[in-house]
Amino acid sequence: MCAQQKTSADTRTEFDAIIVGAGFAGMYMLYRLRGLGFSARVIERGTGVGGTWYWNRYPGARCDVESLDYQYSFSEDLQREWNWTERYATQPEILKYANHVAERFDLFSDMQFETTVTSAHFNEGTNRWAVGTDRGDRFTAKYCIMATGCLSASRIPDFKGVDTFKGDSYHTGRWPHEGVDFSGKRVGIIGTGSSAIQSIPLIASQAAHLTVFQRTPNFSLPANNERLTPDKVREYKENFAELKRLARESPAGIAIEVNEQSALEAAPEEREQAFEQGWNQGGFHLLQAYADLLATTEANETVAEFVRGKVRKVVQNPEVAETLAPKDHPLGTKRICIDTYYFETYNRDNVTLVNIKNNPVTEILPNGLRLEDGAEYELDAIVYATGFDAMTGALLSMDIRGREGERLGDVWAAGPRTYLGLSVAGFPNMFMITGPGSPSVLSNMIISIEQHVDWIADCMSYMREHENATIEADTGAQDAWVDHVNEVASLTLYPLANSWYLGANIPGKPRVFMPYVGGVGAYRIKCDEVAANGYEGFALDSKVMEPAR
Ligand code: FAD
Ligand code: N01
């Protein structure tokens with residue numbers, strides 16, 4: 001079925017809730033609201049569901065949280081009937097899953113595709129949101145729920161001459177649906193984050209030549225991907241409820257055990273052995289080896305040096321190996337990458353690494369690009385693996401206005417301020433799913449999405465029951481939460497890296513650590529307490545009651 005046919009035929013313009021975005025967050029939000037008898041419409045820019053997995057179709061795109069963990073937990077039937085085939089599912093398989101969920105729960109009938117929400121204005125007279133789109137729609141709703149994604153606003157840096165390039169250019173986060181054939185082409189890729197690290201081995205195996213332009217080397221661990229055996233899948237399914245409970249209570253939304261010992265207390269040989277074991281297990285297992293690897297620079301340096309040693313062993317050219325070995329930030333303070341033969345790729349004859357740390361790209365030319373020192377590279381295709389305007393980009397690309405017409409962009413001029421990452425003072429009845437100030441991108445995001453959606457759904461039910469017209473974060477509670485988010489971040493190693501967590505990838509973006517590092521389990525307890533205490537830190541107004549439509 002094509003997306004056009006799936007798009008809702010419903011012509012209503014008034015709803016209890018408008019949900020912006022049809023990724024995993026928007027899909028589950030719709031499912032929950034439907035179940036509670038609320039009317040809702042999902043508005044999505046793309047032609048289909050899946051969000052991240054709809055847009056990021058570059059070669060090698062996969063999850064890096066294991067497939068069995070990276071799935072919804074809300075339906076026992078869903079988990080029983082869906083079978084993941086690989087330890088780390090490919091983008092097509094995850095997108096298939098998203099479509100399966102949408103079909104299975106009949107979500108398409110309340111979704112509108114190929115439509116971008118451009119504005120959302122709160123009307124203080126009616127206590128309703130007026131939501132406008134690029135197609136000229138005007139919806140009104142009591143609630144406006146932003147399921148717009150933390151990594152959905154893809155970004156090509158402001159290079160001079162970007163539009164003059166005569167070859168083909170691509171951003172990993174906006175990859176053509178029909179795929180790309182790089183055979184016989186001289187390809188340049190800018191960036192060495194997760195998207196680049198996943199795609200470089202595959203592009204290199206196809207292109208005539210691949211030139212990688214690296215500003216910052218990244219720590220990357222081997223995925224050791226494999227097909228899932230029926231036994232492994234069966235065991236997971238049988239223990240599903242318990243594993244999900246553990247995930248919800250865990251720091252990162254994944255049920256894993258971490259060695260309680262300090263890396264610094266272990267003898268060097270013992271440590272090497274533990275690291276080797278973690279490395280061989282693949283994925284994030286290396287980080288479980290000791291409790292303090294991400295807590296102190298000294299402990300971190302032990303594991304960072306172990307990984308640099310692996311790079312030096314794999315990459316045959318010592319100079320290239322040194323350029324690839326990260327030394328300017330502690331391991332884990334930029335998002336760790338999970339790869340399949342990434343470092344090995346630099347041993348190929350058709351791959352060149354160019355260090356642009358102190359010699360940046362100054363101009364994209366009609367036939368390639370130029371660096372600051374004047375060196376020019378002739379290219380037939382350019383891949384921008386340059387990431388996203390993370391966490392705030394999608395929200396701030398809309399004209400969102402709260403009380404007294406105040407713009408979210410102005411309120412957040414010095415960085416995002418939220419209460420619990422769910423709500424913003426001055427913007428009543430607007431919720432964000434995995435917004436800044438919540439664990440979001442530091443966690444298994446499906447676990448965090450489900451927690452936020454369930455909290456919002458419960459809140460809306462409570463308001464209906466108590467005949468509340470609006471809910472709005474108190475400025476004081478918001479200030480205290482922002483202080484807490486900043487304080488816990490300052491106690492970690494995270495601020496030591498120029499990461500997108502801090503907005504450092506975007507020139508001029510306020511440097512604020514956006515996600516909450518306190519952990520998924522502790523954060524959930526806090527959110528539950530807030531709700532149990534009658535939505536502590538929020539003002540609930542019952543003066544004007546709009547009938548549910
Ligand atoms: P998204 O999936 O980003 O969906 C948001 C949707 O909102 C998009 O479809 C977008 O088009 C739409 N939208 C935004 N603004 C508007 C607007 N104004 N109007 C209309 N529509 C709009 N997380 C993990 O936990 N594990 C992983 O392994 C993992 N792998 C990832 C791999 C990649 C390549 C990337 C980029 C991210 C990955 N993530 C991973 C994070 C991932 O974004 C989340 O796991 C999850 O998919 C987010 O779901 P979402 O619905 O919140 O947002
Ligand atoms: O983006 P990134 P991404 N000149 O921002 C470089 C998730 N994800 O799309 O580090 C030159 O990480 C930039 O350099 P620097 C995951 O959460 C998960 O790869 O800023 N270079 C960097 O190397 C991830 O973290 C998976 O110095 C420039 C790169 O471009 C997030 O999405 C897969 C530049 C951008 O890396 C984003 O990943 C993919 C410039 N002007 C994504 N501007 C999984 O594996 C930027 N760069 C699950």
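We count ligands from 1, going down the list as the structure has it; atoms in each ligand are counted the same way. This structure is a prediction, so every number in the text was calculated from the model and none was measured. Heavy-atom basis, side chains included; hydrogens, waters and symmetry copies ignored.
Look at Arg62 and Asp64 and you find no salt bridge, because none of the NZ, NE, NH1 or NH2 atoms lies under 4.0 Å from a carboxylate O.
Listed by number with element, the atoms of ligand 2 under 4.0 angstrom from any heavy atom of Pro157 are 34 (C), 40 (C), 41 (N), 43 (N). Atoms of ligand 2 found under 4.0 Å from any heavy atom of Cys63, numbered from 1 in the order shown, are 48 (C). Of all the atoms in ligand 1, the ones that sit under 4.0 Å from a non-hydrogen atom of Ala147 are 5 (C), 6 (C), 7 (O). Every atom of ligand 2 is numbered from 1 in the order shown, and the set under 4.0 Å from a heavy atom of Gln198 is 33 (C), 44 (C), 45 (O).
Using a 4.0 Å cut-off between heavy atoms, Leu151 contacts ligand 2 through its side chain alone, with no backbone atom that close. Contact annotation: for Ile446 versus ligand 1, there are no heavy atoms closer than 4.0 Å. When heavy-atom distances to ligand 1 are checked against a 4.0 Å cut-off, Ser443 comes that close only through its backbone atoms N, CA, C and O. Neither the backbone nor the side chain of Tyr28 has a heavy atom within less than 4.0 Å of ligand 1. Neither the backbone nor the side chain of Tyr54 comes within contact range of ligand 1; no heavy atom lies under 4.0 Å. Counting heavy atoms closer than 4.0 Å to ligand 2, residue Phe388 contributes side-chain atoms (C-beta onward) but none from N, CA, C or O. At a 4.0 Å heavy-atom cut-off, ligand 1 touches Ile449 through the side chain alone. Residue contacts with ligand 2 for Ile356 involve side-chain atoms from C-beta outward but no N, CA, C or O (heavy atoms, distance under 4.0 Å). For Cys150, no heavy-atom contact with ligand 1 is shorter than 4.0 Å.
Any N or O atom pair closer than 3.5 Å counts here, and Asp64 shares at least one such pair with ligand 1. For Met398, no nitrogen or oxygen atom sits less than 3.5 Å from a nitrogen or oxygen atom of ligand 1, counting backbone and side chain alike. Between Tyr70 and ligand 1, at least one N/O pair is under 3.5 Å apart. Not one N or O of Cys63 is nearer than 3.5 Å to an N or O of ligand 1, by distance alone. Inclusion of Val117 in the set of residues having an N or O under 3.5 Å from an N or O of ligand 1 is warranted.
Scanning all protein heavy atoms for the shortest distance to atom 10 (O) of ligand 2 gives Lys334 NZ, 2.9 Å. Protein heavy atom in closest approach to atom 15 (P) of ligand 2: Thr216 OG1, 3.4 Å. If you check which protein heavy atom lies closest to atom 52 (O) of ligand 1, you get Ala25 CB, 3.5 Å. In this structure, atom 32 (C) of ligand 1 lies nearest to the protein heavy atom Trp53 CH2, 3.4 Å. Here the protein heavy atom with the shortest distance to atom 21 (N) of ligand 1 is Arg45 N, 3.1 Å. The single protein non-hydrogen atom nearest to atom 46 (C) of ligand 2 is Arg215 NH2, 3.7 Å, given as residue, atom name and distance. In terms of protein heavy-atom proximity, atom 12 (C) of ligand 1 is closest to Glu44 OE1, 3.2 Å. Regarding atom 8 (N) of ligand 2, its nearest protein heavy-atom neighbour is Ser194 CB, 3.8 Å. Among protein heavy atoms, the minimum distance from atom 4 (O) of ligand 1 is reached at Gly51 CA, 3.5 Å. In this structure, atom 6 (C) of ligand 2 lies nearest to the protein heavy atom Gly191 CA, 3.7 Å. Ranking the protein heavy atoms by distance from atom 33 (C) of ligand 1 puts Thr52 CG2, 3.7 Å first.
Aromatic ring centroids of His177 and Tyr54 lie under 6.0 Å apart. With ring centers used as reference points, Phe105 lies under 6.0 Å from Phe74. Under the 6.0 Å cut-off for aromatic ring centres, Trp84 and Tyr70 do not qualify, their centroids lying 6.0 Å or more apart.
By the 30° and 60° cut-offs, the orientation of the rings of Tyr342 relative to Tyr346 is perpendicular.
Residue nearest to atom 29 (C) of ligand 2, selected from Ser154, Gly387, Ala385: Ala385 (by heavy-atom distance). Among Tyr501, Trp500, Tyr384, the residue whose heavy atom lies closest to atom 5 (O) of ligand 2 is Trp500. Among Ala223, Cys337, Ala196, Ser195, the residue whose heavy atom sits closest to atom 19 (O) of ligand 2 is Ser195. The nearest non-hydrogen atom to atom 34 (C) of ligand 1, considering only Phe24, Tyr58, Trp175, Phe388, comes from Tyr58.
Residue contact check for ligand 2: Phe159 places a non-hydrogen atom closer than 4.0 Å to it. Not a single heavy atom of Ala61 sits less than 4.0 Å from an atom of ligand 1. Proximity of Ile190 to ligand 2 is established by a heavy-atom distance of less than 4.0 Å. Using a 4.0 Å heavy-atom cutoff, Lys357 is absent from the residues neighbouring ligand 2.
A donor-acceptor contact closer than 3.5 angstrom is absent between the side chains of Arg41 and Thr115.
Under the ring-ring contact (aromatic ring centres under 6.0 Å, His included) rule, His452 has a single partner from Phe24, Phe431, Tyr523, Tyr516, which is Tyr523.
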